[in-house]
Each structure stands twice: as C-alpha cells, then as structure tokens.
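Structure, as structure tokens:
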Amino acid sequence: MSSTTTDTASSVDVVLIGGGVMSATLGTLLRQLQPDWSISVFERLGSVAEESSNAWNNAGTGHSALCELNYTPQGADGTVDITKAVGVNEQFQISRQFWSYLVENEIIVSAKSFLTPVPHMSFVWGDDNVAFLRKRYEALSQHPLFSGMEYTEDTAQIKQWAPLIMRDRPAGQKLALTRSLRGTDVNFGALTRLMFTYLASTPACTLHTQHEVSDLVRNGQDGWKLKVKDLRQNTQREVNARFVFIGGGGGALSLLQKTGIPEARGIGGFPVSGQFLRCTNPDLIAQHHAKIYGKASVGAPPMSVPHLDTRMIDGSPALLFGPYAGFSTRFLKQGSLMDLPLSVRADNIGPMLAVARDNWALTKYLIEQVLQTQSARIKALQDFIPDAQAKDWELVVAGQRVQIIKKDAAKGGVLQFGTEVIASKDGSVAALLGASPGASTAAPIMLNVLEKCFSAKIPEWTDKLRQIIPSFGQKLARHPELCDEVFDKTTQVLGLSQ
Ligand SMILES: Cc1cc2nc3c(=O)[nH]c(=O)nc-3n(C[C@H](O)[C@H](O)[C@H](O)COP(=O)(O)OP(=O)(O)OC[C@H]3O[C@@H](n4cnc5c(N)ncnc54)[C@H](O)[C@@H]3O)c2cc1C
C-alpha cells in the first residue's frame, strides 16, 4: 500500500515515524481515543510493511509461549519457571482483544487475511530435554492461559500430529512433543496494511510513503520539529508535532539518539539478521500443519530457537525452517552499512565494548552461523525433517533485529533481547527499541506507550480502552473466568475455532 494522500500540513498533533505494525497499532488506538487529533505518518520506503513487519521478513508466530521453550527457563534445581511464559501469553490476549475490536467495529473486514489457526508444538529429543518438556507441560497445563495443552512421548501419536518430523526418523530416539490447538500464524504485513488503509481513510490522517525523517529537535516548549525528506521529489520540509512516536523498527535507535533526550543516553544497538529455508515443494508443504519449536543451541540468542513453521501468506500455505542468524552492520534490511558505526557515541561506546567482551558465546555462535554452508543448514533441518533434501529448500533473507545494549552498573553494559519503550520525561516523544516477542505484542506495547506518554489522559480514556480491550487493567492470569470469557469471545470473533 503506497501513499494516496497529499497533505502538506506543517503542524500536526501526532507524527508516527515508520509504516510498520507498531505505528499502525498506535495510530489506530489513538484514532479511537482521540478522533480529533491530526496524525501524519512518514515511511521512507515506497509502501508500508516492507521491513520487519512484512510477512516474509518474520516468522509470523503469534507468540503466546505455547511452544517457545526460551520463555520457560529451567533453574539449576531442575524447576521450570513459567513467569515469562504467562506474561507473554497475557500480552497476546491483549492483541487478540484489540484485533477483535477492529473486526467487530468494521475497522477491518475480517481477521481471515492475517490470522490463521495453526497448532503450536514443542519438540525435543534426548533424556534431559524430554524430562524438561514434561516438567514444562506439568507446570503450564494447570494454568488457565495454557488450557488444553497436550503432551506425548508416544511416537505413533507424534506421527499422527506431525507426520513430516517422523518420516525416516531413526528408531530408539527418546522423543517428546507438546501440542496446543490455541496457536496462530499471523501475517503482520497484511494486518499492518489493513490498519493503515483504515487510518488513511479517516479525517486528518495522512500517510506519506517515500518520506524519510532525517532529524528531530525540540520545538520550544511544545513538541518537536522534524526534518522530512520527500525522496520522490528530492525536497525537504519541516513538520511540527506535539507528540512523536519513533516506530522506525531497526531505524528507531538512530532517530532516538537525534532527540538528545537524557533517557536515550548510553543506549546502543546490536543488529542480528535472520534467514530462513523456504520449502519449494508443494507436496511437502501440504503434509505439515504446525509451528514446531525446538531447543536453542548453546550460545544462541533466544530468538534463534529453531522452528519449522507452517505459514499462511496471502491465501497460500508456506513452510519455513530457521531462523539462521546472520550479521550485517545494517539496522534495517534496506538500511545502510554505516548504521552500526554511526550509532557509536561517546555515551554508548563503554556499554557496547562491555557487551562485546562479555558475550563470547554469542559472538562464536554468530561467526559459526555466518560461515555455515547450505549443507550444514540442511543438516540442522534434518533434526526436524530427517529425510529433508536440499533440492526442496531455498534460502531467503528475513528482517533485521536490533538488540538493545544498555548501561549496567555492575558489568558496564548488557545486551537485552526484549522490547523496550524509551520515552522523554514530558511524554512528547517515544521510541520502540528491540524486537522480541515483537509484532505479536504490538497492542500491549502501544498501550505502554500511551501510559508512559499520556498518563494524564488515561482516566478520560479508560472507558474507551475497556471497550477496545475488555481486560484492560486486569491480569487474566488472576481471573480464570474472565480469561475463559475473553478467550472464547476472541476465538469466535477472529474465526479461530479449529
Ligand atoms: C527474522 C525475524 C523473525 C521474527 N519473527 C517474529 C514472529 O514470529 N512473531 C512476532 O510477533 N514477531 C516476530 N519478529 C519481530 C517483528 O517482525 C517486529 O517486532 C515488528 O515487525 C516490528 O515492527 P515495527 O513497526 O517496529 O518495525 P518495522 O516493521 O521494521 O517498520 C519500521 C518502518 O520504519 C521505517 N523507517 C525507519 N526509519 C525511518 C525514517 N527515518 N523515516 C521514515 N521511515 C523510517 C522503515 O522503512 C520501516 O518500514 C521477527 C523479526 C525478525 C527480524
């Protein structure tokens, strides 16, 4: 979807930088809460949803910790901690409620074009991993958010649930698998386009593609002055905004640094790119219907957990395996090789060097991944599909993720794998850094932006927020009845019954 509007207003209430799922979600929320505010969206590429939010640039997993083993770490005493998993699932329920509101209020026609029910499975082999998965299942299946999860060590049952991973598998391997039918595949690109189509159709909202924000400085006491380049016309203009959201994905850090806000000091970024093997054989694609997550290898960052993924993209099923990590100094897939070097500042060089010093396992992992041959990639795939053949798979490059590096009193600097909203004290600018759990949690993350930047408006907005997200302000994990009610309702509205 490219720009169709021609507004040239030089002062607006809100500027959203970037045409990804985060800006789309925030814009759509603000439209419900404050329909009279003017909004301008600036996207440097020719269309929205062309970077990480594009369906082919991410794995499309509706992250709700049903299958991702990195959200349930095992302690030295063998216990499995489900705190993070409960939090991630709780966040996904907020996204489901938000999307249901969009469907019920005809903001988007239906969820079918972006949301598909796909079983989520965890698959492990070896005694220790099987013992871990059993404990994980015992801890999670008691919880209302994970209700209905199934566990098996029976190879015949695994074969029935996921035939592709059992074909030609050597006998005698100790295996275990969990299955949840609550899982989803999400086409975040399609969702982003739907939200921007809606936004651009509302009064006082303009979407400008091929417009790059190159700088932003404080505009006296009342917001920000942005320098915006029209890349099509090769012209530049200034736009004033009372509130700016920097939803530039990997490009957010550079813009945040330009604001000069104290909250941005000491923050650096470390880009990790992703690659997938994409199946080219329609017969194989048809034989698999699940997202199957395994265990990460030692030193691998949490988002590199291997998985075999059924996707539904623009009405067609696809099958991906990966991700394989790559390294590039670009912060965006269509960014510049100078992104990383230019992000190094006097205030973040210390934390960045400390991270380089303390993360040898990650460095070693990345070097091994970058040097990996196609036959090594196929070998990793054969852990999941034992009879996989190179001729049926092609390598595709996915999006860039910029991990956050922050100052740390004890270590000098730490590398974070989560997502964080950085906002100025006066709430006039906010940026989203990091990319995990990512697009799945766009709605709760954008609620967090509202809470940080518009705290004085929240009492006035609360009734509307409860219409949009019925569980707003409550933890579903603590209210099993509300949890069931919200889950059943969203399943029905989003058409997710299996
Ligand atoms: C390999 C991989 C796998 C992933 N898998 C999953 C998954 O399974 N599930 C999940 O939930 N999440 C996943 N994610 C994360 C998810 O894709 C991201 O969290 C999400 O798409 C980020 O959305 P965004 O809007 O912040 O960024 P983006 O979608 O990257 O959008 C940012 C936009 O800003 C634009 N921009 C940047 N700078 C400027 C500027 N100066 N001026 C104007 N425009 C600018 C860019 O061109 C881009 O269009 C994955 C990510 C990767 C890379």
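Just so you know, ligand 1 is whichever comes first in the structure, and atom 1 is the first atom listed for that ligand. FYI, the numbering just counts along the sequence from 1.
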Nearest protein heavy-atom contact for [atom]: which residue, which atom, what distance?
{"atom": "atom 27 (O) of ligand 1", "value": "G249 CA, 3.4 Å"}
{"atom": "atom 45 (C) of ligand 1", "value": "R44 CD, 3.6 Å"}
{"atom": "atom 11 (O) of ligand 1", "value": "S440 OG, 2.6 Å"}

> Checking side chain to side chain contact (heavy atoms under 4.5 Å, CB included) for the pair L277/E394: CA distance, chi angles, key distance, verdict?
Replying inline: CA-CA 5 Å; L277 285 177; E394 64 183 6; over 6 Å; no
>> Check E51 with K333, please: is the shortest side-chain N to carboxylate O separation under 4.0 Å?
In response: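 Judged by the 4.0 Å cut-off on N to carboxylate O distance, K333 and E51 do not form a salt bridge.
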> Taking 4.0 angstrom as the limit, do K258 and D215 come out as a salt bridge?
Replying inline: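 Not counted as a salt bridge, because no side-chain N and carboxylate O are separated by less than 4.0 Å.
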>> Between T206 and H208, do the side chains contain a donor N or O and an acceptor N or O under 3.5 Å apart?
In response: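 There is such a pair between these side chains.
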> Judged by modelled atom types alone, do S122 and Y137 share a side-chain donor-acceptor pair under 3.5 Å?
Replying inline: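 Not at all, the side chains of S122 and Y137 share no donor-acceptor pair under 3.5 Å.
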> Is the shortest N/O to N/O distance between N57 and ligand 1 below 3.5 Å?
Replying inline: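 No: no nitrogen or oxygen of N57 is under 3.5 Å from one in ligand 1.
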Under 4.0 Å from a heavy atom of [X]: give me the atoms of ligand 1 that qualify, with their elements.
{"X": "G19", "result": "33 (C), 34 (O)"}
{"X": "F188", "result": "9 (N), 10 (C), 11 (O)"}
{"X": "V21", "result": "23 (O), 25 (O)"}

> Do Y324 and W393 have their ring centres less than 6.0 Å from each other?
Replying inline: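 No; W393 has its ring centre 6.0 Å or more from that of Y324.
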>> Quick check on K452: does its NZ atom have over 12 non-hydrogen neighbours (other residues, nucleotides or ligands) under 6.0 Å away?
In response: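 Count over threshold, so yes.
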> So, does R401 sit close enough to ligand 1 that a heavy atom of it is under 4.0 Å from the ligand?
Replying inline: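 Under 4.0 Å: yes for R401.
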Give the contacting part of [X] toward ligand 1: side chain, backbone, both or neither, where contact means a heavy-atom distance below 4.0 Å.
{"X": "P437", "result": "backbone"}
{"X": "H211", "result": "backbone"}
{"X": "V186", "result": "neither"}

> Of the choices S53, P323, G20, which has the non-hydrogen atom that lies closest to atom 23 (O) of ligand 1?
Replying inline: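 Checking each option, the heavy atom nearest atom 23 (O) of ligand 1 is found in S53.
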